[in-house]
Number of protein chains: 2
Amino acid sequence: MTKTLPSTSRSLPIALIRAREGVMAPIREMLAETGITEQQWRVLRVLAEFGVMDAKTLADRSSLLFPSLTRIAATLRDKGLVTQTRDDKDRRRQFIQITQAGQKIIDDRAGQAAQIVAGFKSTLGAREYETLLDLLARLDPGADG
Amino acid sequence: MTKTLPSTSRSLPIALIRAREGVMAPIREMLAETGITEQQWRVLRVLAEFGVMDAKTLADRSSLLFPSLTRIAATLRDKGLVTQTRDDKDRRRQFIQITQAGQKIIDDRAGQAAQIVAGFKSTLGAREYETLLDLLARLDPGADG
DNA sequence: ATCATTTCATTAACATGTTAATTGTTGCGA
DNA sequence: TCGCAACAATTAACATGTTAATGAAATGAT
């Protein structure tokens with residue numbers, strides 16, 4: 001027998017897109033005031049959390065493809081929000097570090113961003129929020145499970 | 001007190017991105033053989049499910065922004081997969097319809113796509129799969145709830 | 001009828017997603 | 001040492017995401 005596709009209204013890929021749009025809309029609105037994009041914010045957040053790291057690790061932790069990170073890092077460097085330095089031991093490699101200006105953006109907006117996320121958590125309820133994160137993690141092949 | 005951001009590993013936006021990547025990877029792989037993109041596939045699926053419709057409705061049902069749909073519709077028209085006709089009553093409007101060639105792509109791949117989705121459903125379990133769709137819908141401001 | 005407003009659609013400009021090709025380095029084995 | 005595979009990073013090329021500006025057509029008030 002031939003399986004039929006689910007109606008688009010119950011399609012998992014489309015549901016993921018719409019949920020992401022719903023969550024990102026207020027965050028993008030907040031970030032618009034800072035002049036940086038959602039992806040640039042993600043990179044700065046990872047750098048703020050883990051400190052200096054090589055580009056490959058940064059791309060992985062930011063969930064960005066390498067070509068995207070190349071462009072984003074150049075943009076952030078031009079804005080003075082990160083610095084790039086070559087590894088003297090292995091000159092193919094590059095280290096990326098957040099600057100004070102970059103850290104200030106994180107510090108200034110972290111509370112606001114946390115409130116937005118807290119809003120969604122209270123919308124779903126703390127218990128279902130955790131359930132959602134667990135289920136999403138199980139769709140990610142990069143995760144443990 | 002100031003709330004702190006969740007660790008990026010438990011960030012809802014990042015979890016949504018990674019889950020979407022996990023789900024889309026095998027679908028993109030399948031679509032690569034057909035020469036159409038994920039978004040083009042989404043447009044064709046909506047047209048196959050609902051039939052001819054105006055561009056605005058199509059953009060909405062495909063979860064695409066209007067400028068994106070404009071380009072995608074032009075691409076699909078050039079490939080002979082859809083037709084575009086002006087509304088004689090209101091010449092601003094445009095109707096878009098799937099062609100036989102477009103329908104054939106859907107018919108040829110629908111089973112394969114359904115199997116991929118079924119794989120995720122069995123990974124999570126039918127019950128949790130439905131729970132996930134419900135939770136995702138509650139993050140979408142466009143939905144009812 | 002005329003003008004301002006609204007609506008549908010396209011276009012522009014820039015950033016990112018995605019795959020493939022290319023460049024510069026390192027390391028290893030013949 | 002030479003040559004080559006492997007790796008890090010960039011660049012290229014095309015498609016899409018996103019916001020803003022613009023064009024084109026309908027609507028409504030006066």
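Residue numbering restarts at 1 for every chain, and letters A, B, ... go by the order of the sequence lines.
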Which residues pass the salt bridge (Lys or Arg N to Asp or Glu O under 4.0 Å) test with [X], sequence neighbours left out?
X: A:Asp54; value: none
X: A:Asp107; value: none
X: B:Arg61; value: none
X: A:Glu33; value: A:Arg109

- Message: Which Ile, Leu, Val, Met, Phe, Trp or Tyr residues join A:Phe66 in one cluster when any pair of side-chain heavy atoms under 4.5 Å counts as a link?
- Response: none

- Query: With a 4.0 Å cut-off on heavy atoms, is A:Thr37 in touch with a base, just the backbone sugar-phosphate, or nothing at all?
  - Reply: sugar-phosphate

- B:Glu38 near the nucleic acid: base, sugar-phosphate alone, or nothing, with a heavy-atom cut-off under 4.0 Å? nothing

- Message: I need the minimum non-hydrogen distance between B:Arg42 and B:Ser62, along with the two atoms involved.
- Response: NE-O, 3.0 Å

- Task: Report the distance from atom CZ of A:Arg91 to atom P of C:dT23, rounded to the nearest whole Å.
- Result: 19 Å

- Note on the structure: In the 5' to 3' direction, the nucleotides of DNA chain D bounding the stretch that comes under 4.0 Å of a heavy atom in chain B are D:dA15 to D:dA26

Side-chain donor-acceptor pairs of residues 116-128 of chain A under 3.5 Å, sequence neighbours excluded:
from: A:Ser122; atom 1: OG; to: A:Gly119; atom 2: O; distance (Å): 3.2
from: A:Thr123; atom 1: OG1; to: A:Gly119; atom 2: O; distance (Å): 2.9
from: A:Glu128; atom 1: OE1; to: B:Arg138; atom 2: NH1; distance (Å): 3.2

With the criterion being N/O to N/O and under 3.5 Å, what pairs connect the protein with nucleotides 3-11 of chain C, and how long is each?
from: C:dT7; atom 1: O2; to: B:Arg92; atom 2: NH1; distance (Å): 2.7
from: C:dC8; atom 1: OP2; to: B:Lys56; atom 2: NZ; distance (Å): 2.4
from: C:dC8; atom 1: O3'; to: B:Arg92; atom 2: O; distance (Å): 3.4
from: C:dA9; atom 1: OP1; to: B:Gln94; atom 2: N; distance (Å): 2.5
from: C:dA9; atom 1: O3'; to: B:Gln94; atom 2: NE2; distance (Å): 3.4
from: C:dT10; atom 1: OP1; to: B:Gln94; atom 2: NE2; distance (Å): 3.1
from: C:dT10; atom 1: OP2; to: B:Thr70; atom 2: OG1; distance (Å): 3.0

- Task: Sequence neighbours left out, what pairs pass salt bridge (Lys or Arg N to Asp or Glu O under 4.0 Å) with at least one residue falling in residues 62-90 of chain B?
- Result: B:Asp90-B:Arg92

- Message: Need to verify one output field. Residue with the more 5' nearest nucleotide on DNA chain C, A:Ser68 or A:Asp88?
- Response: A:Ser68

